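Just so you know, these numbers come straight off a predicted model, no measurement behind them.
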Amino acid sequence: MNIEIDGPLRELILACETNCVAGCCGPDAFDLGSANVEKWAAAVSGETAARAGDQLKDLLKNLEPPRPYPFQIHVGPLEGFLERAECEKVFTEILNTLSRVLKIPE
C-alpha cells in the first residue's frame, strides 16, 4: 500500500522533519511527537490544522485492514515504510494531539 499525502497534513509531517533529512534517514528523520505537532498547529490557522485532522481521519479509515502477518505501508513524505500497526499508531497520536490542541471532542 502506498500513501501519498498532500495539503496541510503533508506540511505538518514535513515540519516534523527535525532529526535528519528524509532522503538520508527515511522515517527516522521525523519527530512526530506532540511537541512538534503542537508547534506546527500554533503556527497555522485553526482551519488548516482542522483540515490536517480531517485528512488523518480519512487516512486512518482507509488503511488496509490488518492481516495475520506484518506488512509495510509506504508513506510518501516520510520517504520510507512503516509497519501497518506503527502507521496507525503514529497517525492516531498526531490526530489526538491535534484534537487536544483544537479542543475537538473525541
From CA spacing to verdict: side-chain contact (heavy atoms from CB on, under 4.5 Å), Leu98, Leu12: CA-CA 11 Å; Leu98 284 176; Leu12 166 56; 4.1 Å; yes
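With a 4.5 Å cut-off on side-chain heavy atoms, Val75 and Val90 do not count as touching. Using a 4.5 Å cut-off on side-chain heavy atoms (C-beta onward), Cys25 and Asn19 make no contact.
Hydrophobic cluster membership differs between Phe81 and Leu60, with clusters built from Ile, Leu, Val, Met, Phe, Trp and Tyr side chains linked at under 4.5 angstrom.
Counting only residues at least two apart or in different chains, ring pair (Phe, Tyr, Trp, His ring centres under 6.0 Å) contacts with residues 40-60 are absent. Counting only residues at least two apart or in different chains, salt bridge (charged side-chain N to carboxylate O under 4.0 Å, His left out) contacts with residues 25-45 comprise Glu38-Arg100. Note on residues 2-20: no pairs pass salt bridge (charged side-chain N to carboxylate O under 4.0 Å, His left out), not counting sequence neighbours.
Residue Leu32 holds its CG atom at 8.5 Å from OG1 of Thr18, rounded to the nearest 0.5 Å. Rounding to the nearest 0.5 angstrom, the gap separating the CG atom in Asp54 from the CG atom in Leu59 is 12.5 Å.
The side chain to side chain donor-acceptor pair (under 3.5 Å) check on Glu93 picks up nothing, with sequence neighbours excluded. When the side chain to side chain donor-acceptor pair (under 3.5 Å) test is applied to Glu86, no partner is found at least two apart in sequence or on another chain.
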Do any side-chain atoms of residues 44-53 form donor-acceptor pairs under 3.5 angstrom with protein atoms, and if so which ones, sequence neighbours left out?
residue: Ser45; atom: OG; partner: Thr48; partner atom: N; Å: 3.1
residue: Ser45; atom: OG; partner: Thr48; partner atom: OG1; Å: 2.9

